[in-house]
Amino acid sequence: MEPLMAVSIGVLFACAIYMMLRRSIVKLVIGLMLLSNAANLLIFSTAGMERGRPPLVPEGMAAPAGSVADPLPQALVLTAIVIAFGVLSFSVVLLRRAWEVVRADDLDKMKDTDT
Amino acid sequence: MMQLAVLSGFVLAAFAPLLYRWLGSRTTVFLALYPAAIVVWLLAQWPSVVGGEPVLLEMAWVPGMDITLTFLIDGLSLLFALLIAGIGAFVLLYAGGYLHGHRDLPRFLVILIAFMVSMLGLVLADNLVTLFVFWELTSITSYLLIGFNHTDLSARKAALQGLFVTVAGGLALLAGLVMLGSAGGSWSLVELTTRGEALREHPLYTPMLICLLLGAFTKSAQFPFHFWLPNAMAAPTPVSAYLHSATMVKAGIYLMARLQPSLGGTEAWVTILSLVGAMTMFTGAFLAVRHTNVKKLLAYSTVMALGTLTMLLGIGTQGALVAFVVFLLAHSLYKGALFMVAGILDHETGTKDVTAMGGLRTLMPVTTAVALVAALSLAGLPPLLGFIGKELMFESVLHASHFTLLLLLLAFAAAFLTIAVAAIVALRPFFGEQRQTPHVAHEPPAAMLLGPAVLAALSLLLGLMPGGLDGLVQAIVVGIGAPEANVHLALWHGINLPLLMSLAALVLGWLIFRRWDRLRARLAYLDPVIARGPEAGYDAIMVALVRIAEWQTRALQNGYLRNYLAVTLLVLVGLVGHAFFFRHTPQFDVSISVYLHEAVVAGLMIAGAVTACLMKSRLAAVAAVGVMGFSIALTFVLFSAPDLAITQLLVETLTVILLVLVLFRLPRFANLSAPSERLRDLVVASAFGVMVTLLMLAVLGGERLPRISDYMVENSQPLGHGHNIVNVILVDFRALDTLGEIFVLALAAIGVYAMLRFHAAEGTGRLPTRPRSSDDGE
């Protein structure tokens, strides 16, 4: 599965970068979303992907029997998903605000910093 | 521990303003105790050093990198340190009178003392890195000193010029020192001295020599870098007296003398140093007689002296090295005295122009006497120390192995021009008919007279009894590369060729002095030629520098976010690609075992992402991103990450709601870029995507390290009392991280709230906007 994921993540990154290089601010937001998802997936799948062995301790036991998926990258990615959401919501509102003030959806036209 | 005592001067410097508040005008006297104490300490080392036993005070600084604060006190550094501390003490006293009541006197004292300490560190340091650090400190502090009158445009310009020239040389010096250190296999000057043979044979010898000499030449104002020194006369006179007699400009000379045993004696060394030195010597003496400003006259004669010293190092015979030491000491003494006299003239008469002064001897007899004695030494007349220095210089030039005739001619020309300069400085203001000056002159306060008087007296005393210097000169000469030396200095050498040359120079110099006014008028014809000299080159370089900076700022810092992004990413791809293919041989793991449903999920993910890029409608793009997000959630489900799946689903839902709420108030998608731009962006994006894919494949193909989460897996239940290990990690093992995350989210929430509220409070929904200029204007 990992090589397939590698290709998928590559495509996701390429799409994200392409969208972030656009001049339209709305496309920039889309690019941002793609980027954070791609990064999360990268961390998750580079750590090794296991089928059907979630990092849970069965009821009444002190440790999982046998090997489970690595919980640490999962914890990191979980944090990252939530942070990405925070960043996204902030930037979306910021862009909306910028649009209201500047009335330009073209990043090249947003030259005056203190309009 | 003496190191700390010497370096504590920096602390003293920091407290100078406070002391000034308490002690007022007596501060300088108090501060002068510091260099005076150092002089005493140095004198205590005299017997041991002169006895041929250099003192090495070891002290570690950064042991891991072989950087020490070790002080080396041998003959050379003892002489330099004595001059720096001794003249420094007098300059401090002098400054107290010269800048009496000046608003910025405390600031001046801070910088002056910091400069003094840096200079002491420079000449005492045994470690190359330490030496460089102090070297740069002197550049910076001298910049502040030269630009002390910061409201004066020309002072600022001169300070910047000095800084640029010396710091550019400092960069070359750094490269040279690194080469020296690695070629010699040691960072200690003492050890490098013993490795001269290996260094001279080393393949890096020539680049090393060029870099080191660039550093020394810029610092010591050698041709063609000599122009900054006279311009630095914009500084207050105490600074000129200090920087240009014994300290700043002698640093380069010190360095060359220090390197003489390690690098000297080769064809390249002899050629470069002799020719550059002789050229500087002549240029300085020649340009001096064009000026009527007393400080400029002295400044150019300093250039002459620095050139002479370099030339003597280049000649490098034992006699030349003896001449070097004596000339160096003589110059420091008389030049310090003369600069202080120049300051007295400026201070008391209100002008620096020697043609505007005359007949001052009746008004200031002591100053006249001091000036006469010091100028006699400058002119190289008996019975002053300067005479001995000059005779020795002639003697060694006569025996030079290379370019003897050329050096002799230049030395002779410089000698008679210098005699003219000495006469102009010492006779013109004090003798002849009395002239009206802006202030009515009278003797300066004692604090200002003490320094020049002592220095002039020393010139005379050492000239009469040069035997007292034999031991020190011998120690220095042996230290800088002469074989067994047996030095006997004497005033009278008998009637020989140098004496006859001195006599001829005296006659010629006197003639020039008598006809100076007419000569100056003639020399004015040369002004256009001189204006095209090295300083014009400096100006051109500065203009070009600004242009290049402007151009590259426009090119690189153009304000387009996507350009920054593209450049950053391309550099990243380039560097990673290089490391990837040329420095490692990556092994790709492409063995794949995949179920159909997994492949479908991955396909959906890719399709969602690509569709999001292609859609022309915002709704479709958001939907496509949603498809991708939910496929990712499915991936999490399939590969043992239920928590991630839940979070992803939740966030994905919230995102869609957010976008629906906000995004649709934003403008529609627009195609703003030209096809060529899109192609370019596609190339950048693809390159990055391919890099990520290859990197990940290489990671998978590489060696797997053992995971670090075993502890958490084992202890999640016993210690954390939780069955979901990921949850336990988040709220227990890594709880602080989670706290940070909550903090970030709270900040984002506050930001969002503020932006939305801000809008509501305005009512009309528009900020008061500035009248917009046209959109295409810069």
Side-chain angles (χ1 to χ4, degrees), chain A residues 1-4 6-15 17-21 23-24 26 30 33-34 37 41 46 49-57 62-64 69-72 74-75 77-79 81-83 85-86 88-90 92-94 96-97 99-101 105-107 109 115, chain B residues 561-562 590 592 594 598 602 605-606 609-610 612-613 621 625 632 639-644 647-648 651 658 662 665-667 669-670 672-673 681-682 685-686 688-690 692-693 696-697 699-700 707 709 712 714 716-718 723-726 729-730 741 744-745 748 751-752 755 767 769 775:
Chain A
M1 187 61 192
E2 281 95 341
L4 180 60
V7 175
S8 315
I9 291 166
V11 173
L12 253 60
F13 265 111
C15 290
I17 299 295
Y18 180 77
M19 287 305 263
M20 289 182 79
L21 290 172
R23 275 161 69 178
S24 155
V26 188
I30 304 277
M33 292 167 62
L34 293 174
N37 277 312
L41 263 188
T46 319
M49 299 171 82
E50 307 256 3
R51 290 190 184 87
R53 279 201 291 268
L56 299 170
V57 182
D70 193 347
L72 197 60
Q74 292 193 16
V77 171
L78 203 151
T79 311
I81 292 174
V82 180
I83 296 270
F85 177 69
L88 180 74
S89 41
F90 186 81
V92 164
V93 177
L94 185 69
R96 191 193 123 167
R97 187 84 199 123
W99 159 249
E100 280 172 359
V101 175
D105 64 335
D106 184 351
L107 283 169
K109 299 241 166 85
T115 309
Chain B
L561 184 65
R562 59 173 189 285
V590 284
I592 189 163
V594 61
E598 292 168 356
M605 199 179 346
I606 294 177
V610 174
C613 298
V625 172
I632 292 176
F639 292 94
S640 322
D643 303 275
L644 291 191
T647 317
Q648 177 81 15
V651 164
L658 179 81
V662 177
R665 302 207 181 180
L666 290 176
F669 274 6
L672 296 166
S673 321
D681 294 345
L682 192 63
S686 314
F688 191 76
V690 169
V692 172
T693 301
M696 189 173 155
L697 287 176
V699 168
L700 295 171
R707 53 165 77 164
S709 56
M712 294 162 185
E714 281 158 24
S716 163
Q717 206 280 328
H723 290 273
N724 184 330
I725 303 173
V726 176
I729 291 177
L730 284 174
E741 180 197 355
V744 170
L745 279 184
V752 168
M755 277 191 281
L767 277 170
T769 48
D775 277 340

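Being a predicted model, the structure only gives us computed values, none of them experimental. All heavy atoms count here, side chains included; hydrogens, waters and symmetry mates do not. Below, read A as the first sequence line, B as the second, and so on, with proteins coming before strands; counting in each chain starts at 1.
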Quiz prompt | Sub-4.5 Å side-chain heavy-atom contact between B:V692 and B:F688 | solution =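 Result yes, sub-4.5 Å side-chain heavy-atom pair found.
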Practice problem: Output the distance between atom CG (A:L4) and atom CD (B:E598), rounded to the nearest 0.5 Å. | Solution: 8.5 Å
With respect to chain B, which residue among [options] yields the maximal number of heavy-atom pairs within a distance under 4.5 Å?
options                    : value
A:A62, A:A69, A:S24        : A:A62
A:I83, A:T79, A:V77        : A:T79
A:L88, A:I30, A:V11, A:L72 : A:L72
A:I81, A:D70, A:V92        : A:D70

Heavy-atom distance under 4.5 Å to chain A: side chain of [X], backbone, both or neither?
X      : answer
B:V752 : both
B:V690 : neither
B:I632 : side chain
B:M605 : both
B:E714 : backbone
B:I729 : side chain
B:V594 : both

Quiz item: Under a 4.5 Å heavy-atom cut-off, does chain B meet the side chain of A:L21, its backbone, both or neither?
Solution: both
Self-check item: Contacting moiety of A:M19, where chain B heavy atoms sit under 4.5 Å
Solution: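 For A:M19, side-chain heavy atoms alone lie under 4.5 Å from chain B.
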Self-check item: Most contacts with chain A, counted as non-hydrogen pairs under 4.5 angstrom, among B:T647, B:L644, B:N724
Solution: B:L644
Quiz prompt | Residues forming a side chain to side chain donor-acceptor pair (under 3.5 Å) with B:Q648, sequence neighbours excluded | solution =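 Applying side chain to side chain donor-acceptor pair (under 3.5 Å) to B:Q648 gives A:N37, B:E652.
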Practice problem: Using side chain to side chain contact (heavy atoms under 4.5 Å, CB included) as the criterion, point out the one residue from A:V7, A:L41, A:I17 that pairs with A:L12. | Solution: A:L41
For [X] and [Y], indicate whether the former's side chain and the latter's backbone hold a donor-acceptor pair under 3.5 Å.
X      : Y     : answer
A:E2   : A:M49 : yes
B:H723 : A:L56 : no
B:S640 : A:E50 : yes

Quiz item: Can you name the closest pair of heavy atoms from B:V726 and A:P55 and give their distance?
Solution: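 Nearest heavy atoms, B:V726 then A:P55: CG2-CG, 3.7 Å.
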Quiz prompt | Nearest heavy-atom neighbours spanning B:P642 and A:P54 | solution =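 Heavy atoms of B:P642 and A:P54 come nearest at CD-CB, 3.8 Å.
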